[in-house]
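Remarks on the structure that follows.
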Amino acid sequence: MEAPDEQLMLAYAGGDAGAFETLYARHKGPLYRFVLRSVKARGEAEDLFQEIWIRAIEARARYEPKAKFSTWLYTIAHNRLVDHWRTKGLSLVSLDDEGGAVIDPPAGPSAEPDRRAEGRQTVSRLLEAIAALPAAQREAFLLHEEGGLSVAEIAAATATPEETAKSRLRYAVNKLREAIDDD
Amino acid sequence: MIDGDDKLSKRYRDLGSEEPPRALDEAILASARRAVAPRTTQRWAMPVSIAAVLVLAAGVTLRMQQEQPGIETAAPASEYSLPPSSPEPSAAPEKVPEKKLQVAEPFAPPATKSAEVESRRDEQPKTAKPAAKLEASAPMQNAQPLESDSRKEKKAFADAAAPPPAAMPAPPPVAADALRAQRAATQAAPEAAPTRQAAPAAVAREPFAERGSAPNPAPATPPATALAPSPTAGAPAPQLRAKRDASGAVADLAKERSADPLERELERIAKLRREGRHAEADVAIEKFRRENPSYRIPETMWEQVKPR
């Protein structure tokens, strides 16, 4: 039986570097894609991804297993992304604004030349729809899909009321569903 | 959770599962390992810090000895008194000013720098030792001036509250003499021609005159000698050095004394009254009021010291 994330994080805080490797292996892919599809450039995404993990490493002594480890990790990711948006001139209000936080299509498989032709028809439409979402709705969707967070956990990670998190996720799903139903 | 998102989730999974580059993985994992790895420097931190503190302390002590010889020994000598069985109980107070005079007024011509340093180091025990002897030589009946200031103050308050005792041991007038000497020195300093020599000499004697507490009413070190212009006007360097030495010792001794010498002076005058020495007390209170016109004497104290 695999050790739960929370136990691994506590073990790492106690000095067990191996526990962190297991945690990292579990969460690196989802977190990486969460960041990658939240920003427009792969280089930016890699920098942010690394900074999020470094913050988690530095905060290990303060970690308390009050909630799921993934909620704690994506809270760190959310805060780092908010900082990132601020440096881009986007306020927290505009993150929720329908028209204010649309970014360029994020880097994904379609950005790689060798896969661009192959995935263009099936993938680009959904990717463009995700990129067209307001940042707060996109974040809620990615937290749900990549992080596996529930509405309550999304609310906790983004420090918003549960109803707000729920409505953001619902708006995002409806828009994306419309986008793929058009295929 | 969200109705109809199964299909959307499936389509989203089809987007691909990108992973971070391997180099990024290694960098993050290395950071994680470094964060919890025991630091080898911590093993040496404690011994190194202790050694650094010791070196620093030794350096500061050495520096203090070079800058102000006697400062580290003069203060403890005044703090602690030797056992009363110390030899030469009566001769010490008379010797002290002489040795201090040697320090304050060196007649030897200026020597080379290294010789000066050596001579200063030689002088150090000379100046510190008599101070210790001074404390030790004070017999029990003369122990009153050596009491700590807090005890003095307590006693003064007790004296103020209680009626004066019928008979009291004769108080040593040395403290007042010293105070007068100090004031005379400060007043006469601008007038004296070679002020550089006069001031240090007066300052050098003052602590010993005060602490000497000799029962002899005639002061062993009259202020006049301190104020007399020294014939060694052509040797300013040793004079300055002596001044620095003496002022260092005086600074320490002055710290030991209470913060308000005016109160002590008033206590002294009150004591003169209690002993029936009204003429001296009248002169002293007149002088006190002349020198400290803005000082408001407390009512209880005024009752004890007012002219009669």
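None of these values were measured; they are calculated from a predicted model. So that the names make sense, note that chain A is the first sequence line, chain B the second, and so on, each numbered from 1.
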For this session: Quick one: pull up CG in B:Leu24 and NZ in A:Lys28 and give me the separation to the nearest 0.5 Å.
Result: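 Interatomic distance, B:Leu24 CG to A:Lys28 NZ, rounded to 0.5 Å: 9.5 Å.
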Exercise. Atom CZ of A:Phe49 and atom CG of B:Asp25: how far apart are they, to the nearest 0.5 Å?
Worked result: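 A:Phe49 CZ to B:Asp25 CG: 6.5 Å, rounded to 0.5 Å.
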Exercise. Hey, are the side chains of A:Glu46 and B:Pro20 touching, using non-hydrogen atoms and a 4.5 Å cut-off?
Worked result: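 No - every pair of side-chain heavy atoms lies 4.5 Å or more apart.
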Tell me the closest heavy-atom pair linking [X] and [Y], and the distance in Å.
{"X": "A:Ala17", "Y": "B:Arg33", "result": "CB-CG, 3.8 Å"}
{"X": "B:Ala35", "Y": "A:Ile57", "result": "CB-CG2, 3.5 Å"}
{"X": "B:Pro21", "Y": "A:Tyr32", "result": "CD-OH, 4.1 Å"}
{"X": "A:Gln50", "Y": "B:Ala27", "result": "NE2-CB, 3.8 Å"}

For this session: Kindly indicate, with the supporting measurements, whether the criterion side chain to side chain contact (heavy atoms under 4.5 Å, CB included) is fulfilled by A:Arg60 and B:Val36.
Result: CA-CA 10 Å; A:Arg60 66 190 181 282; B:Val36 295; 3.6 Å; yes
With only heavy atoms counted, which part of [X] is less than 4.5 Å from chain B, the side chain, the backbone, both or neither?
{"X": "A:Phe141", "result": "side chain"}
{"X": "A:Ile54", "result": "side chain"}
{"X": "A:Leu23", "result": "neither"}

Problem set entry | Residue pair A:His144, B:Tyr12: steps toward the side chain to side chain contact (heavy atoms under 4.5 Å, CB included) verdict | CA-CA 11 Å; A:His144 177 60; B:Tyr12 181 78; over 6 Å; no
Exercise. Where do A:Arg37 and B:Glu18 land on the side chain to side chain contact (heavy atoms under 4.5 Å, CB included) test, with the steps shown first?
Worked result: CA-CA 11 Å; A:Arg37 286 164 189 165; B:Glu18 297 97 332; 2.8 Å; yes
Exercise. Is there a donor-acceptor pair under 3.5 Å between the side chain of A:Tyr24 and the backbone N or O of B:Ile28?
Worked result: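 No, A:Tyr24 side chain to B:Ile28 backbone: no donor-acceptor pair under 3.5 Å.
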Exercise. Within the distance-only criterion (no hydrogens, no angle test), does the side chain of B:Arg13 pair as donor or acceptor with the backbone N or O of A:Glu145 below 3.5 angstrom?
Worked result: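 Checking the backbone N and O of A:Glu145 against the side chain of B:Arg13, a donor-acceptor pair under 3.5 Å is found.
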For this session: Give the C-alpha distance, both sets of side-chain angles, the deciding distance and a yes or no for side chain to side chain contact (heavy atoms under 4.5 Å, CB included) between A:Ile130 and B:Leu15.
Result: CA-CA 11 Å; A:Ile130 292 171; B:Leu15 290 178; 4.0 Å; yes
